Amino acid sequence: MDILFSNVTAVTMDEDLRVLFSAFVGVTDGRISYLSRKVPEEKPQKIINGEGMVLMPGLINCHTHLASSVLRSYTDDLSNQQALEELLKKEAKMDSRCAKAAALLSIAECLRFGTTSVSDMYDHCNAIAEAVAESGIKANLARGTTLFGEEFDVETHPGCREMMELREKWDGFDNGRIKIEASVHAEYTSTYQLWDALAEYAINNG
């Protein structure tokens, strides 16, 4: 046993939603290997005193834009349409280096407050994937794609190409800690040709 959390309140999330007080939770090779109110016979390499603390599964944030955290509150006093226009102008100036730094900042905030898994939709996804890989958080990443009436081919569309390249490079990374998904930016920044193509791609590629 690598680590033993002792005297902790353990929220199990099992079928009976049991909460064990003054519990002992053991971890071996990154996985929970012991859970009981009795002290384990096996001696752990490290003991963490959990008295007065709660040990529970990580929280999941199902809607994030990690790299846009640096623009938080920038458009609070604008209408939704004005805010979107202003944010798109600012985001157009962001490069991959900035996106990775902003994503790392957001991930640190997530982990600080118990969020261990995120679903993120943005661009500069390779840089964001690097931040996720380095940080240890779990993430489903999607390249937000747009289509404004121009001629469309899923194989040559820049956003779709980036998504496919991301899938080849990152999908399944670290035993599935990173997953790549197909995504449109929004229904008001795309048309049905893109929706149909990405839906078909997602179905065909699991």
Side-chain angles (χ1 to χ4, degrees), residues 58-72 74-76 78-107 110 115-135 137-206:
L59 301 174
I60 299 172
N61 188 331
C62 296
H63 185 144
T64 59
H65 308 289
L66 292 171
S68 67
S69 63
V70 291
L71 297 172
R72 182 180 293 157
Y74 177 70
T75 59
D76 281 358
L78 301 178
S79 70
N80 189 54
Q81 184 61 36
Q82 289 174 318
L84 178 64
E85 291 171 1
E86 286 300 312
L87 285 173
L88 288 174
K89 289 178 189 175
K90 289 295 182 186
E91 288 174 335
K93 297 180 180 180
M94 185 179 289
D95 60 15
S96 292
R97 179 174 167 270
C98 178
K100 182 176 179 179
L104 284 169
L105 177 65
S106 292
I107 291 168
C110 287
T115 297
T116 58
S117 179
V118 297
S119 290
D120 187 77
M121 185 274 285
Y122 210 66
D123 51 12
H124 303 290
C125 291
N126 192 65
I128 294 170
E130 290 176 2
V132 168
E134 292 173 16
S135 68
I137 201 169
K138 186 177 181 182
N140 290 37
L141 303 178
R143 168 62 160 90
T145 48
T146 59
L147 185 66
F148 295 102
E150 65 264 30
E151 289 188 15
F152 172 71
D153 182 342
V154 70
E155 296 294 333
T156 59
H157 183 279
C160 294
R161 284 299 322 155
E162 185 180 340
M163 179 266 296
M164 294 174 191
E165 290 165 6
L166 278 167
R167 180 173 172 269
E168 291 173 9
K169 181 176 181 180
W170 290 106
D171 192 52
F173 174 84
D174 193 14
N175 295 314
R177 186 161 62 81
I178 295 178
K179 293 182 179 178
I180 302 301
E181 299 179 340
S183 170
V184 296
H185 174 269
E187 78 282 0
Y188 50 84
T189 56
S190 59
T191 58
Y192 72 90
Q193 292 95 334
L194 181 62
W195 311 341
D196 287 350
L198 286 182
E200 182 177 1
Y201 181 87
I203 292 168
N204 290 341
N205 292 279

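Since the model is a prediction, treat every value here as computed from it, not as a measurement.
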Subject >> I107/V132 under side-chain contact (heavy atoms from CB on, under 4.5 Å): CA gap, chis, key distance, verdict >> reply: CA-CA 8 Å; I107 291 168; V132 168; 4.0 Å; yes

**OP:** Might you work through the side-chain contact (heavy atoms from CB on, under 4.5 Å) test for K169 and N126, ending with a clear yes or no?
**Re:** CA-CA 9 Å; K169 181 176 181 180; N126 192 65; 3.2 Å; yes

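Without hydrogens or angle criteria, T115 side chain to S117 main chain gives no donor-acceptor distance under 3.5 Å. R177 places no side-chain N or O within 3.5 Å of a backbone atom of G172 that could act as its donor or acceptor partner. A donor-acceptor pair under 3.5 Å links the side-chain atoms of S106 to the main chain of L66, judged by distance alone.
K100 is linked by a salt bridge (Lys or Arg N to Asp or Glu O under 4.0 Å) to E130, E134, counting only residues two or more places apart in sequence or in another chain. Every residue meeting the ring-ring contact (aromatic ring centres under 6.0 Å, His included) condition with H65, not counting sequence neighbours, appears here in chain and number order: H63. Every residue two or more places apart in sequence or in another chain that forms a salt bridge (Lys or Arg N to Asp or Glu O under 4.0 Å) with R72 is listed here: E109. Take Q82 and apply the side chain to side chain contact (heavy atoms under 4.5 Å, CB included) test, not counting sequence neighbours, and it matches L78, S79. By the side chain to side chain contact (heavy atoms under 4.5 Å, CB included) test, A101 pairs with no residue at all, sequence neighbours left out. For D196, there are no salt bridge (Lys or Arg N to Asp or Glu O under 4.0 Å) partners two or more places apart in sequence or in a different chain. For the side chain to side chain contact (heavy atoms under 4.5 Å, CB included) test, residues two or more places apart in sequence or in another chain that qualify with T146 are F148, H185, T189. Y201 is linked by a ring-ring contact (aromatic ring centres under 6.0 Å, His included) to nothing, counting only residues two or more places apart in sequence or in another chain. Considering only residues two or more places apart in sequence or on other chains, S183 meets the side chain to side chain contact (heavy atoms under 4.5 Å, CB included) condition with M121, A142.
Heavy-atom neighbours of N204 CG from other residues, nucleotides or ligands within 6.0 Å: above the threshold of 12.
Here the closest heavy-atom approach between residue S190 and residue V184 is recorded as OG-CB, 4.0 Å. When all heavy atoms of C160 and V154 are compared, the closest pair comes out as CB-O, 3.2 Å. When all heavy atoms of L141 and I178 are compared, the closest pair comes out as CD1-CG2, 4.2 Å. Contact record, G149 with T191: N-CG2, 4.4 Å, taken as the closest heavy-atom pair. Pairing each heavy atom of I180 with each of M163, the nearest pair is CG2-O, 4.0 Å. Closest of all the heavy-atom pairs between A102 and S69 is O-OG, 3.4 Å.
A side-chain N or O of D120 and one of T64 form a donor-acceptor pair less than 3.5 Å apart.
The salt bridge (charged side-chain N to carboxylate O under 4.0 Å, His left out) analysis of residues 146-161, with sequence neighbours excluded, yields the pairs E155-R161, R161-E165. The ring-ring contact (aromatic ring centres under 6.0 Å, His included) contacts involving residues 154-179 comprise F152-H157, W170-F173, where partners must be two or more places apart or lie in separate chains. For residues 85-97, the side chain to side chain donor-acceptor pair (under 3.5 Å) pairs, not counting sequence neighbours, are Q81-E85, E86-K89, E91-Y122, S96-H124.
Considering CZ of R143 and CE of M164, their distance stands at 12.5 Å, rounded to 0.5 Å. Note that CG of L104 is 10.5 Å distant from CD1 of I137, once rounded to the nearest 0.5 Å. Residue M94 holds its CE atom at 5.5 Å from CG of L71, rounded to the nearest 0.5 Å.
Between L198 and T145 there is a side-chain heavy-atom pair separated by less than 4.5 Å. Between K138 and T116, the closest side-chain pair of non-hydrogen atoms is not below 4.5 Å. Y188 places a side-chain heavy atom less than 4.5 Å from the side chain of L84.
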